[in-house]
Amino acid sequence: MGIVLIEDTRQQASKHIAKHQAFERMGVTLVRSKLAHGDYALPPKVSVDTKQSIIELAADIDNDHARFKRECEGARDAGTQLVVLVENTCGVDSIESLAEWVEPVASFKRRKHAKRRIYGSRLAKACLTMEKRYGVRFEFCTPFESAERVLELLKGGGES
């Protein structure tokens with residue numbers, strides 16, 4: 001993969017044609033996104049997307065799949081390791097243990113308009129597929145471990 005640069009969306013593309021052509025000749029890919037400061041930046045080595053529950057993960061994979069897929073593809077294409085950190089209090093600490101999980105009946109009843117319970121076996125299969133296709137990694141922790149784990153992932157460059 002060549003170099004990817006983030007170009008700030010406030011940078012007027014039409015005024016930087018020579019620079020863009022030079023980047024193209026050098027094999028640099030430009031991704032436009034709002035930057036907090038500056039006009040150009042390198043993408044981060046790792047990005048963490050937290051989910052407050054397995055239910056939220058299921059909603060992203062099922063109901064919001066196209067957006068979630070674009071996010072995974074965007075990270076992959078920018079050379080960024082995307083880690084989806086799923087918080088839960090039901091003991092799920094890996095994709096393997098997710099495969100054994102079944103949404104409790106009480107949770108299912110609280111979800112208005114839900115047609116079926118969420119089965120971890122189906123979610124685990126989807127997570128493994130997304131890991132293979134997009135390079136995204138799924139990790140699990142309790143809400144109390146989440147802040148520390150986010151910092152570990154960001155400081156360690158996404159290493160497990």
Side-chain angles (χ1 to χ4, degrees), residues 1-9 27-36 40-160:
M1 164 174 265
I3 294 175
V4 176
L5 287 180
I6 299 171
E7 179 182 51
D8 188 80
T9 52
V28 173
T29 300
L30 287 178
V31 175
R32 291 183 55 84
S33 184
K34 187 174 188 307
L35 292 173
Y40 298 93
L42 291 171
K45 291 181 193 247
V46 66
S47 181
V48 180
D49 183 5
T50 57
K51 305 296 174 201
Q52 75 175 37
S53 66
I54 295 171
I55 304 297
E56 183 181 356
L57 173 66
D60 277 355
I61 288 177
D62 292 337
N63 306 338
D64 213 1
H65 185 76
R67 182 206 50 84
F68 190 57
K69 176 183 167 189
R70 282 192 308 274
E71 186 176 328
C72 294
E73 289 173 328
R76 177 200 61 203
D77 294 349
T80 299
Q81 170 67 70
L82 177 61
V83 179
V84 177
L85 185 61
V86 184
E87 302 169 8
N88 71 91
T89 57
C90 39
V92 173
D93 61 1
S94 65
I95 290 179
E96 292 78 19
S97 61
L98 174 63
E100 302 298 319
W101 179 85
V102 176
E103 179 183 21
V105 173
S107 170
F108 169 65
K109 288 180 178 178
R110 279 193 304 271
R111 289 191 303 119
K112 295 181 177 153
H113 310 295
K115 294 180 178 150
R116 64 179 190 261
R117 288 170 67 190
I118 298 168
Y119 286 85
S121 56
R122 193 182 54 74
L123 280 179
K125 185 177 177 184
C127 289
L128 289 171
T129 298
M130 295 184 92
E131 282 188 344
K132 194 179 295 180
R133 281 191 188 151
Y134 310 116
V136 62
R137 200 169 77 227
F138 292 87
E139 292 198 11
F140 301 82
C141 68
T142 69
F144 310 104
E145 299 167 322
S146 184
E148 186 175 328
R149 189 62 188 133
V150 167
L151 288 179
E152 287 172 358
L153 289 164
L154 293 174
K155 284 182 179 179
E159 299 301 316
S160 295

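Counting from 1, the numbers follow the sequence of the chain as shown. Just so it is clear, the structure is predicted and the values come from calculations on it, not from any experiment.
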Is R76 reaching over with its side chain to a backbone N or O of R133, donor-acceptor style, under 3.5 angstrom?
-> yes
Specify the closest pair of heavy atoms between M130 and C72, including all atoms of both residues, with the distance to one decimal.
-> CE-SG, 3.9 Å
Smallest heavy-atom separation, S97 atom then V92 atom, equals OG-CA, 3.5 Å
Separation between CD of Q52 and CG of L57, rounded to the nearest 0.5 Å = 12.0 Å
Shortest non-hydrogen contact from R32 toward T9 | NH2-O, 2.9 Å
Does the E96 side chain pair with the main chain of A124, one donor and one acceptor, at a distance under 3.5 Å?
-> no
Verify, without hydrogens or angle tests, whether T29 (side chain) and V4 (backbone) share a donor-acceptor contact under 3.5 angstrom.
-> no
Please confirm whether the backbone N or O of F138 pairs with a side-chain atom of E131, one donor and one acceptor, at under 3.5 Å?
-> yes
How many angstroms lie between atom CG of L123 and atom CG of L98, to the nearest 0.5 angstrom?
-> 5.5 Å
With rounding to the nearest 0.5 Å, note down the distance linking CD in E145 to CD in E152.
-> 9.5 Å
Rounded to the nearest 0.5 angstrom, the CD-SG distance for E100 and C90 is 13.0 Å
Side chains of F68 and D49: closer than 4.5 Å at any heavy-atom pair?
-> yes
Minimal non-hydrogen separation, I61 against C127, with atom names = CD1-SG, 4.0 Å
If you measure from CD1 on I95 to CD on E139, what distance do you get to the nearest 0.5 Å?
-> 9.5 Å
Is the number of heavy atoms from other residues, nucleotides or ligands within 6.0 Å of CZ (R67) greater than 12?
-> yes
Flag side-chain contact, heavy atom, 4.5 Å: I55 against R110 | no
Straight-line distance of R122 CZ to R117 CZ, nearest 0.5 Å | 13.0 Å
Answer yes or no: are there more than 12 heavy-atom neighbours, outside R111 itself, under 6.0 Å from its atom CZ?
-> yes
Donor-acceptor under 3.5 Å (E56 side chain, K51 main chain) = no
Closest approach of I6 and P43, non-hydrogen atoms and distance?
-> CD1-CA, 3.8 Å
Do L35 and Y40 have side chains that get closer than 4.5 Å, going by heavy atoms?
-> no
Test log, rule side chain to side chain contact (heavy atoms under 4.5 Å, CB included), inputs V31 and L5 | CA-CA 6 Å; V31 175; L5 287 180; over 6 Å; no
Nearest non-hydrogen partners of N88 and V86, listed with the distance = ND2-O, 3.6 Å
Verdict with supporting geometry, L153 and R137, side chain to side chain contact (heavy atoms under 4.5 Å, CB included) | CA-CA 11 Å; L153 289 164; R137 200 169 77 227; 3.4 Å; yes
